[in-house]
Amino acid sequence: MLQPAPTAVLAGSGKVETLTGIAAGLSWLVAAITTVALDDIGDWLETENYAIAAGLAGVLFIGLSVSGRWLPRVGAWIAHAGPWLLVLGLIQILWQLASAKFGWLPQPFFPPAQGIIEVYTFEYDELATHFLASFKLLVVGFGIGSAVGFLIGVSIGWSTAAGYWVHPVLRFIGPLPATSLLPIVFFAFPSSWSASIFLIALAAGFPVAVLTWSGVANVNTAYYDVARTLGMKPLGLIFKVSIPAALPNVFVGLFMALGAAFTALTVAELVGVKAGVGFYIQWSQGWASYANVYAALILLALLCSGSITLLFRVRDRLLSWQKGLVKW
């Protein structure tokens, strides 16, 4: 049986990718037409603007698909993103029909896309205030917890005396969920902000301490022998041998700590702090403003994903020899 030539395969593949991109653009155009052609069952102020944005996106996707054969990078992007763009366009159509047009989904629990855009349009200043409050809490709490956990992990892994005194405390307190200490913490600290910082730091510190300790304790002894032969002092062994060799474990701990920090952040904002995305979600739910709830959840998801992406960038830079080993 004759095999197709490589150029023919590539050409066929390019046609499929182009058609997928065109189909994706058409789906977004249909979503725009559906939005303006059918009447809304509710009062949504951003319906027209949403339809314009969806239509422009559809035209853009079609244009990128057609120009992909002359612009390789654009073609590669549309080939990768085309199926997702098509699915998102179909979701837009179903979302419009089910929420804003025919009311198959109960309102106000499932608002349409224009309802969420309306929140960003008219309440962007309040959302930005709460987003910055959450970001500040996360950065301070995660930074303190990670730093303290790193120091504890290095101490336990290097010093038998520190391991004797600190290890039992770590085993006793560390596995305890930080959020279970809410009744005590908010009473013991002078403000809800400082109490939230403590909870986030406690949640982040434990995985960093354990993984750092594991990394330091499992460094190959041959590294120490070579360093001592070259005349390196104990302090140099810690900073130039032990810590660099333990960095892969440290970053695993940091990734685990980031997830724990987000959990503690959300719970703290739901319970005690009077500013932040979690507080805004609870406040909006109390007023049955579910469009505001979804808008805040999208911001929280972007904060979580962006933080993990940033941490991966730092990891890939510091551990370039491991780049690509773990994907995100």
Side-chain angles (χ1 to χ4, degrees), residues 35 40-47 49-50 91-92 94-142 177-204 258-307:
T35 303
D40 291 341
I41 60 173
D43 186 17
W44 311 108
L45 302 178
E46 293 296 316
T47 297
N49 290 334
Y50 166 73
I91 290 176
Q92 296 287 342
L94 293 175
W95 192 0
Q96 283 297 311
L97 295 176
S99 58
K101 305 307 177 182
F102 298 130
W104 297 333
L105 298 174
Q107 300 297 324
F109 304 104
F110 299 98
Q114 54 263 40
I116 299 175
I117 294 175
E118 191 174 312
V119 177
Y120 292 131
T121 303
F122 296 102
E123 298 188 27
Y124 64 90
D125 51 346
E126 186 173 359
L127 273 172
T129 300
H130 289 287
F131 180 83
L132 290 176
S134 294
F135 182 75
K136 186 177 179 180
L137 269 177
L138 179 69
V139 170
V140 175
F142 178 75
T179 53
S180 65
L181 300 176
L182 278 171
I184 301 174
V185 170
F186 278 99
F187 176 77
F189 281 79
S191 66
S192 58
W193 195 86
S194 59
S196 300
I197 291 295
F198 175 79
L199 285 176
I200 297 170
L202 183 63
L258 194 57
F262 273 112
T263 302
L265 168 71
T266 306
V267 173
E269 289 180 341
L270 288 173
V271 176
V273 182
K274 301 304 179 184
V277 178
F279 170 80
Y280 183 82
I281 290 173
Q282 186 183 43
W283 180 84
S284 300
Q285 184 183 10
W287 288 95
S289 302
Y290 284 90
N292 299 62
V293 172
Y294 290 116
L297 286 174
I298 292 173
L299 285 181
L300 188 61
L302 291 175
L303 178 59
C304 296
S305 179
S307 301

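Hydrogens, waters and symmetry mates are skipped; everything else that's a heavy atom, side chains included, is used.
Summarising the geometry, atom CG belonging to Asn49 is positioned 7.0 Å from atom OG1 belonging to Thr121; distances are rounded to the nearest 0.5 Å. Atom CG of residue Leu127 and atom OG1 of residue Thr129 lie 8.5 Å apart, to the nearest 0.5 angstrom. Considering OG of Ser196 and CZ of Phe189, their distance stands at 10.0 Å, rounded to 0.5 Å. Taking CG of Leu132 as the reference point, atom CG of Leu137 lies at 11.5 Å (rounded to 0.5 Å). Taking CG from Leu202 and CG from Leu181, the interatomic distance works out to 6.0 Å, rounded to the nearest 0.5 Å.
Annotation for Phe102: atom CZ counts as buried by contact number, over 12 foreign heavy atoms lying within 6.0 Å. Heavy-atom contacts from other residues, nucleotides or ligands closer than 6.0 Å to CZ of Phe135 number 12 or fewer. Atom CH2 of Trp104 is surrounded by more than 12 heavy atoms from other residues, nucleotides or ligands within 6.0 Å.
Put simply, the side chain of Val277 does not reach to within 4.5 Å of the side chain of Leu303, judged on heavy atoms. Residues Ile117 and Trp44 form no side-chain contact, since every pair of their non-hydrogen atoms from C-beta on lies 4.5 Å or further apart. Between Lys101 and Ile41, the closest side-chain pair of non-hydrogen atoms is not below 4.5 Å. Contact annotation: the side chain of Phe142 never approaches that of Phe262 to less than 4.5 Å [non-hydrogen atoms, C-beta and beyond].
Put simply, the side chain of Ser284 never gets that close to the backbone of Asn292: no donor and acceptor are under 3.5 Å apart. Side chain of Trp95 to main chain of Pro111: a donor-acceptor pair is present (N/O by atom type, distance under 3.5 Å, no hydrogens or angles). Judged by distance alone, with hydrogens and angles left aside, the side-chain atoms of Ser305 form no donor-acceptor pair with the main-chain N or O of Ala301 at under 3.5 Å.
In this structure Thr35 satisfies the side-chain hydrogen bond (donor to acceptor under 3.5 Å, both in side chains) test with no other residue, sequence neighbours excluded.
Between Ala296 and Ile281, the shortest heavy-atom contact is CB-CG1, 3.5 Å. Residues Leu199 and Ala264 share a closest heavy-atom pair of O-CB, 4.0 Å. In terms of heavy-atom proximity, Ala261 sits nearest to Ala204 at CB-CB, 4.4 Å. Scanning all heavy atoms of the two residues, the minimum distance from Leu138 to Ser307 falls at CD2-OG, 4.0 Å. For the residue pair Ala113 and Gln92, the shortest heavy atom distance occurs at CB-OE1, 4.2 Å. Between Pro112 and Gln107 the shortest heavy-atom distance is CD-OE1, 4.4 Å.
Each of Glu269, Glu123, Gln285 was checked for a side chain to side chain donor-acceptor pair (under 3.5 Å) with Tyr280, and the lone residue meeting it is Glu123.
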Using the side chain to side chain donor-acceptor pair (under 3.5 Å) rule, take Gln96 and Gln114 through it: C-alpha gap first, then chi angles, then the decisive distance, then the call. CA-CA 9 Å; Gln96 283 297 311; Gln114 54 263 40; 2.6 Å; yes

I would like to know whether Ile116 and Ile298 meet side chain to side chain contact (heavy atoms under 4.5 Å, CB included); could you show each step before the answer? CA-CA 10 Å; Ile116 299 175; Ile298 292 173; 4.2 Å; yes

List the steps, then state whether side chain to side chain contact (heavy atoms under 4.5 Å, CB included) holds for Phe131 with Leu302. CA-CA 11 Å; Phe131 180 83; Leu302 291 175; 5.7 Å; no

